[in-house]
Amino acid sequence: MKTNWRLFHQTAPDAKHKQFLFGLNEYVTQQEAIDIALDTEPKLKQTYETYLALHDALMVKKHPTELANLLATYEPNGPVPTVWL
């Protein structure tokens, strides 16, 4: 998945069109590739979901009370495992 790191920066990955991804060596949608990576690492999944929630509160909904709620209820995941690096 290192070669496909940009997929995690998309807020709306393509879930319809399959394409060949070299990191996985198969035809999958962008959403399937993200799901494969997130299913193997629970901390990464939690971090990714937090990122999407913050992005939506800031950029999509532009809702300051939702952002304040996310910041007030945020729980750190701990240090980044070396397997991610």
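The distance from atom CZ of R6 to atom CD of Q30, rounded to the nearest 0.5 Å, is 12.0 Å. A distance of 15.0 Å separates NZ of K43 from CG of L38, quoted to the nearest 0.5 Å. Atom OG1 of T40 and atom CG of D35 lie 11.0 Å apart (nearest 0.5 Å). Taking CG of L54 as the start and CD of E66 as the end, the distance is 9.5 Å to the nearest 0.5 Å. The distance from atom OG1 of T50 to atom CD of E75, rounded to the nearest 0.5 Å, is 9.5 Å. Between the CD atom of Q31 and the CD1 atom of I36 there is a distance of 10.5 Å, given to the nearest 0.5 Å.
Ring-plane geometry between H9 and W5 is classed as perpendicular, the angle between the planes exceeding 60 degrees on a 0 to 90 degree scale with a lower cut at 30.
Between I34 and Y48, some side-chain heavy-atom pair lies under the 4.5 Å cut-off. Contact check for K16 versus T29: no side-chain heavy atoms found under the 4.5 Å cut-off. Using a 4.5 Å heavy-atom cutoff, the side chains of E26 and K18 are not in contact.
In this structure, L71 is a member of the same hydrophobic cluster as M59, with clusters built from ILVMFWY side-chain heavy atoms closer than 4.5 Å.
A pairwise comparison of heavy atoms in L70 and A53 identifies CD1-O, 3.5 Å as the closest pair. Summarising the geometry of L44 relative to A37, their closest heavy-atom pair is CD2-O, 4.3 Å, with the distance given to 0.1 Å. Taking every heavy atom of both residues into account, Q10 and L52 meet most closely at O-CD2, 4.4 Å. Closest approach of F8 and Y51 over heavy atoms only: O-CE2, 3.6 Å.
Among residues two or more places apart in sequence or in another chain, the ring-ring contact (aromatic ring centres under 6.0 Å, His included) test is passed with F22 by F20.
Atom OH of Y27 has 12 or fewer neighbouring heavy atoms from other residues, nucleotides or ligands inside a 6.0 Å radius.
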